[in-house]
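Below is one structure, written out as structure tokens; the observations come after it.
What you are looking at is a predicted structure, and each value in this text was computed from that prediction instead of being measured.
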Amino acid sequence: MTNTDRLALDALHFDSTALHQALLDWYAAHGRDLPWRHTRDPYAILVSEVMLQQTQVERVVGKYLTFLAAFPTFAMLAAASPEEVIRAWAPLGYNQRAIRLRRIAQTIVEDRGGQVPTTIADLLTLPGVGRYTAGAVACFAHGQAVAMVDINIQRVLTRILIGDFSTEASVYQTPARALMLAEAALPAIPSAAYAWNQALMDLGATICNARQPHCERCPVAAYCATYAQLASQALFPSGQAWQQLARVAEASAPYHARPRIPFKGSTRYGRGRILAALRAVTPGTPLSLRAIGPTVKDDFTDADLDWLRDLAQSLVRDGLAEWASASRADRPMLDEYLRLPKS
DNA sequence: ATCCGGGCGA
DNA sequence: TCGCCGGGAT
């Protein structure tokens, strides 16, 4: 804890009631109506939180509903084949999440008597569950007053409580420090933690945007250190003024942007295209690498087979595909046929 | 072409 | 600690 941290937490302690009340009131009136906020079923909450990893809310809503319709319980998901789950996951991406979710279901059913872990430490033992997801399940399913930090919560709390705009991205960049801040910021009343955490994420998604915050509509501007800082400079922190400041901050502390490889042609792109090809055929049908190739790379030739095979093997390693063990005469090279995993 | 934004394994 | 893991919207 630095002195800055202490000051921020002291300041929070001073008028935290007003801050909490303002944000909770706003959430009650303007919070988003999301399907996973109507349930406390640990299975449904877990599905939603895994889907929400690296994926925007709008893209999750529909898939959350259809996935739950297809696999309503841990038992149903555990009994499904990887192929079925991978198909049901599209088009969310980061497909290992689907495989890990199925493995979680099998663990819950086979080893844990159908019960989802309740402590964060125990939740963290589940594959694909890190500190954010563990906290979300503990809070949103089990009603615990625990903190969690996603990128929205980190940004919102840093802006409100720390407020040094020029170092916004760096001051609380380490996960441990951000989590300490989030824990210190929890409401005094344990039962308010659910709404508080949801409210922080809503505020970050709809008002306190990364690039262009709408402070003129923010329910907690009066308690926001960043707002006070910018207002004191007579720069109303919205719209162009904010963007101007962002450019200045970036110029003074240039961040090291890595040279970006074009998405098309990347490993991620290729893996996604292979899975798309495998999903496009009748379940259980193997596809040859030569058949898949042209859907992955323009002007695919046999010279690209080694590259494609390595890509396919990476999917096999991740449990997202398997080599078909066909014995038919028209499949002379067994390991050249790929399909979605049967088990 | 850029933006979005957790978990894992080397 | 860093690089990898996908898609759709804009």
Quick one, A:L311 with A:R271, criterion side-chain contact (heavy atoms from CB on, under 4.5 Å). Give me CA distance, side-chain angles, the key distance, then yes/no.
CA-CA 6 Å; A:L311 221 45; A:R271 286 168 54 104; 4.3 Å; yes
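A salt bridge is defined here as a Lys NZ or Arg NE, NH1 or NH2 lying under 4.0 Å from an Asp or Glu carboxylate O, and A:E322 with A:R339 meets this definition.
Between the OH atom of A:Y132 and the C1' atom of B:dG5 there is a distance of 11 Å, given to the nearest Å. In this structure, the CD1 atom of A:I99 is 11 Å from the P atom of C:dG6, given to the nearest Å. The OH atom of A:Y94 sits 12 Å away from the P atom of C:dC4 (whole-angstrom rounding). Across the protein-nucleic acid pair, A:L315 atom CG and C:dG6 atom P stand 7 Å apart, rounded to whole Å. Regarding A:R268, its CZ atom lies at a distance of 14 Å from the C1' atom of B:dT2, rounded to whole Å. Rounded to whole Å, atom P of C:dC5 lies 16 Å from atom CD1 of A:I86. The CG atom of A:L101 sits 13 Å away from the P atom of B:dG7 (whole-angstrom rounding).
C:dG8 is paired with B:dC3 under the Watson-Crick or G-U wobble criterion, all donor-acceptor distances under 3.5 Å.
Distance from the side chain of A:D150 is smallest to B:dG6 among B:dC4, B:dG6, C:dG6. Comparing B:dG5, C:dC5, B:dC8 by their closest approach to the side chain of A:I151 singles out B:dG5. Side-chain proximity of A:N95 to B:dG6, C:dG7, B:dC4: nearest is C:dG7. Each of C:dG6, C:dG7, B:dC8 was ranked by its minimum atom distance to the side chain of A:R100; first place goes to B:dC8. When the nucleotides B:dC4, C:dC5, C:dG6 are ranked by their closest atom to the side chain of A:Q96, C:dC5 comes out on top.
Annotation: cation-pi geometry satisfied between A:R40 and A:Y194 (NZ/CZ under 6.0 angstrom from ring centroid, within 45° of ring axis).
Under the side-chain hydrogen bond (donor to acceptor under 3.5 Å, both in side chains) criterion, A:E183 pairs with no residue at all, not counting sequence neighbours.
At least one donor-acceptor pair under 3.5 Å links the side chain of A:H142 to the backbone N or O of A:P117.
Residue A:T133 places at least one side-chain N or O closer than 4.0 Å to OP1 or OP2 of B:dG7. Residue A:R211 has a polar side-chain atom (N or O) positioned under 4.0 Å from OP1 or OP2 of B:dC4.
Atom P of C:dG8 sits at a distance of 23 Å from the matching atom of B:dG7, rounded to the whole Å.
Residue contacts shown for A:L92 include a base, since a base heavy atom lies under 4.0 Å away.
Side chain A:Q53 to base B:dG6: no donor-acceptor pair is found below 3.5 Å. Under 3.5 Å, the side chain of A:Q54 and the base of B:dC4 form no donor-acceptor pair of N or O atoms.
Ranked by how close their nearest DNA chain B nucleotide is to the 5' end, A:N152 and A:V129 are led by A:N152.
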